[in-house]
Novice: 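Before I ask anything, let me first share the structure, which is written out below as structure tokens.
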Amino acid sequence: MRVAILGGGFVGVATALFYADGGHRVTLVEPNPVRADLLASGRAPFREPGVDARLRRDVERLRLHVDRRLPLDVSFQAYVICVGTPAGPRGLDLRAVRLASTQVGRHLHHHAGRPLVFLKSTVPPGTLEEEVVPRIERASGRRADVGFHAVSNPEFLREGAALRDTFRPDRVVVGARKPSTRRRAARHFQRLRCPIVETDPRTAEFVKYAANAFLALKISYANEMARLASAVGVDVYEVMHAVGLDPRIGTQFLRAGAGFGGSCFPKDVRGLAALARRMRRPSRLAEAVLAINDSQGNYVLDLAERAVGGLEGRRVALLGLSFKPDTDDVRETRALPLYRGLRERGARVTVWDPVATANFQALVGEKIRAAPSLREAVRGADLALIQTEWRQIRSLRAADLKRWMRRAIVVDGRRTLDPEALERAGVAYFGVGWRREPRRRA
Ligand code: UDX
């Protein structure tokens, strides 16, 4: 088949590689010239393990062609809309989805065939029917389910695992009005040997929100239990390990920490909460998941304040700026509320991250002090505050911290280090959900 992918973000690129791997001829449409040029040279404009190698191979073998717009002289049997749906001031910003829909419609105007049009972007339930289909009909002059077939096909990709989640997904969900369209769409994923759920578009769109909301719920549950665990003198990680061994619960996504960040969980849970309010069925669970996450930053800052006996004038090393390891993505990173809180409480902050510093500086108005190395970041510091569980931080040795820091105090926002090893070396260790909390300030 000839497949057109609209959007060169990490969903679009992963999807393009999936179809190219299936032997199809793929056109990846990325309107941003800088990103398009990078992609055309076989390099992704973001960090994602394994992507560049595949991208270069598929571009060189002419299986993947990058363009700034849909090539008029090519007919496609499938279009896949993978454009971004960022959070806007009044909820989700669907402008890119609307534009892509119109572009597909206009392109269809010049071509025959009855292609599938997949919507992969995360959108509120109802978007395919109410926003995408009408725009394609208007711009193409065709009728849905006759001149083209629209399918909701939400993605479940994790940053840092985009290829794994694309080539070995736990399940695929396809939502379309007609069963024949569902079956036709499902055939695209047959070789993946995983469950393929065939349903209607609205249900498919809802699945994505409900899945992310549940994963975020697990994290906020672990974070709330962490506060209680520390108060009663137990280690929440030991608790959650035993809790998670029940297959009905599962051990994943129960890691208490500084809270969830990223371009999905915060946006999707806010989107679900907003949808529930619009439907006059407010979701107290979604609201609580967000409230716990928002307050987790202050909980970590209070730990830090008590650990170091007041933050005014203290030198704090903030270690890890990306929203999670192995990415330079700082969207909704919890490092931002921590950085701002430290500054508001009068601390002098030096930050360190292996790759995300420039992106983080763009988020923060004032000039940040960034250390060139972990050692320089903690040298002379009164406190090391960990926000991302980078492997370089994991390999910090207790003796080094003791030697380099002015006061060897660690607040571990991601439970990255071994508490006992640090305590044995005389480092004061406090972590989210650790069994010991700093004494309340006098
Ligand atoms: C998530 C979902 O996992 C993915 O299925 C969906 O398609 C998009 O959103 P992503 O945002 O890339 O993926 O990252 P993820 O690995 O899920 O982590 C999200 C945030 O949760 C990170 O800030 C991470 O630090 C935090 N997290 C994750 C926890 O605090 N505790 C955990 O146990 C797991």
Side-chain angles (χ1 to χ4, degrees), residues 9-12 14-15 46-49 51 82 84-87 120-123 153-166 168-173 204-205 207-226 236-237 239-241 243-244 249-272 289-290 292-297 299-300 319-338 353 356 386-390 393-394 412-416 431-433:
F10 91 108
V11 174
T15 305
F46 48 79
R47 297 170 61 83
E48 189 59 47
V51 164
C82 303
T85 52
K120 269 197 181 300
S121 308
T122 303
V123 291
N153 174 223
E155 47 78 20
F156 299 95
L157 308 188
R158 281 165 301 170
E159 288 197 31
L163 289 188
R164 178 235 174 268
D165 292 343
T166 299
R168 292 196 309 282
D170 301 317
R171 72 340 206 151
V172 170
V173 177
E205 290 162 335
V207 163
K208 171 71 181 178
Y209 271 86
N212 270 3
F214 187 75
L215 290 169
L217 172 73
K218 285 190 84 175
I219 295 168
S220 281
Y221 159 76
N223 284 337
E224 194 168 69
M225 287 301 118
V236 78
Y237 274 64
V239 170
M240 289 304 162
H241 170 68
V243 164
I249 299 171
T251 54
Q252 295 197 54
F253 279 68
L254 287 174
R255 294 178 55 80
F260 55 78
S263 64
C264 295
F265 283 164
K267 179 186 67 146
D268 292 357
V269 182
R270 286 189 201 118
L272 185 73
V289 166
L290 293 166
I292 292 165
N293 203 55
D294 291 346
S295 66
Q296 197 69 4
Y299 173 69
V300 173
L319 307 181
L321 303 174
S322 56
F323 86 93
K324 69 183 219 181
D326 303 324
T327 178
D328 58 359
D329 192 345
V330 293
R331 285 175 291 182
E332 301 272 349
T333 179
R334 309 304 301 152
L336 187 60
L338 289 179
D353 187 286
I386 298 170
Q387 193 284 140
T388 314
E389 60 277 28
W390 282 103
I393 298 173
R394 204 179 290 281
D412 192 348
R414 294 287 177 199
R415 296 298 299 275
T416 310
V432 174

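All ligand and atom numbering here is 1-based and tracks the order in the structure. Just so we're clear, the structure is a prediction, and the values are computed from it rather than from any experiment.
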Novice: Please list, in number order, the atoms of ligand 1 under 4.0 Å from a heavy atom of Glu155.
Specialist: 7 (O)
Novice: Would you mind running through ligand 1 and noting each atom that sits below 4.0 Å from a heavy atom of Phe260?
Specialist: 20 (C), 21 (O), 23 (O), 26 (C)
Novice: Set out, in order, the CA-CA distance, both residues' side-chain angles and the distance that settles side chain to side chain contact (heavy atoms under 4.5 Å, CB included) for Trp390 and Asp353, then state yes or no.
Specialist: CA-CA 8 Å; Trp390 282 103; Asp353 187 286; 2.9 Å; yes
Novice: Taking both backbone and side-chain atoms of Leu215, is any N or O found less than 3.5 Å from an N or O belonging to ligand 1?
Specialist: no
Novice: Working note: Lys208 + Val123, criterion side chain to side chain contact (heavy atoms under 4.5 Å, CB included); need CA distance, chi angles, decisive distance, verdict.
Specialist: CA-CA 9 Å; Lys208 171 71 181 178; Val123 291; over 6 Å; no
Novice: Report yes if some N/O of Glu159 lies less than 3.5 Å from some N/O of ligand 1; otherwise report no.
Specialist: yes
Novice: Considering the heavy atoms of Lys208, write down every atom of ligand 1 situated less than 4.0 Å from one of them.
Specialist: 6 (C), 7 (O)
Novice: Starting from atom 3 (O) of ligand 1, which protein heavy atom do you reach first, and at what distance in Å?
Specialist: Arg158 CG, 3.0 Å
Novice: May I ask you to list the atoms of ligand 1 that are less than 4.0 angstrom from any heavy atom of Phe156?
Specialist: 5 (O), 7 (O)
Novice: Is there any N or O on Gly261 that sits under 3.5 Å from an N or O of ligand 1?
Specialist: yes
Novice: Is the CD atom of Glu224 crowded by more than 12 outside heavy atoms at less than 6.0 Å?
Specialist: no
Novice: With side chain to side chain contact (heavy atoms under 4.5 Å, CB included) as the test, would you mind laying out the steps for Val51 and Leu163 before giving the verdict?
Specialist: CA-CA 7 Å; Val51 164; Leu163 289 188; 4.0 Å; yes
Novice: Around atom 15 (P) of ligand 1, find the nearest protein heavy atom and jot down its residue, atom name and distance.
Specialist: Lys324 NZ, 3.6 Å
Novice: Tell me: protein heavy atom nearest atom 6 (C) of ligand 1, and distance?
Specialist: Leu157 O, 3.4 Å
Novice: Look at atom 28 (C) of ligand 1 and say which protein heavy atom is nearest, naming residue and atom and giving the distance to 0.1 Å.
Specialist: Ile219 CD1, 3.6 Å
Novice: Could you list the atoms of ligand 1 found under 4.0 angstrom from a heavy atom of Leu254?
Specialist: 33 (O)
Novice: Which heavy-atom pair separates Ala258 from Leu338 by the least distance, and what is that distance?
Specialist: CB-CD1, 4.5 Å
Novice: Could you list the atoms of ligand 1 found under 4.0 angstrom from a heavy atom of Cys264?
Specialist: 8 (C), 9 (O)
Novice: Please lay out, stage by stage, how Arg47 and Asp328 fare under the test salt bridge (Lys or Arg N to Asp or Glu O under 4.0 Å).
Specialist: CA-CA 7 Å; Arg47 297 170 61 83; Asp328 58 359; 5.2 Å; no
Novice: When you measure from atom 31 (N) of ligand 1 to every protein heavy atom, which one gives the shortest distance, and what is it?
Specialist: Arg255 O, 2.9 Å
Novice: Compare all side-chain heavy atoms of Lys324 with those of Asp329 and state whether any distance is below 4.5 angstrom.
Specialist: no
Novice: State the atoms of ligand 1, each with its element, that fall below the 4.0 Å cut-off from a heavy-atom position in Arg414.
Specialist: 25 (O), 30 (O)
Novice: So which of Phe323, Phe265, Phe10 gets nearest to atom 24 (C) of ligand 1, if we judge by its closest heavy atom?
Specialist: Phe323
Novice: Considering only heavy atoms from C-beta outward, does the side chain of Lys267 approach that of Glu332 to under 4.5 Å?
Specialist: no
Novice: Side chain to side chain contact (heavy atoms under 4.5 Å, CB included) for Tyr237 and His241? Distances and angles first, verdict last.
Specialist: CA-CA 6 Å; Tyr237 274 64; His241 170 68; over 6 Å; no
Novice: Under a 3.5 Å distance rule, please check whether Thr85 uses its side chain to pair with a backbone N or O of Thr122 as donor and acceptor.
Specialist: yes
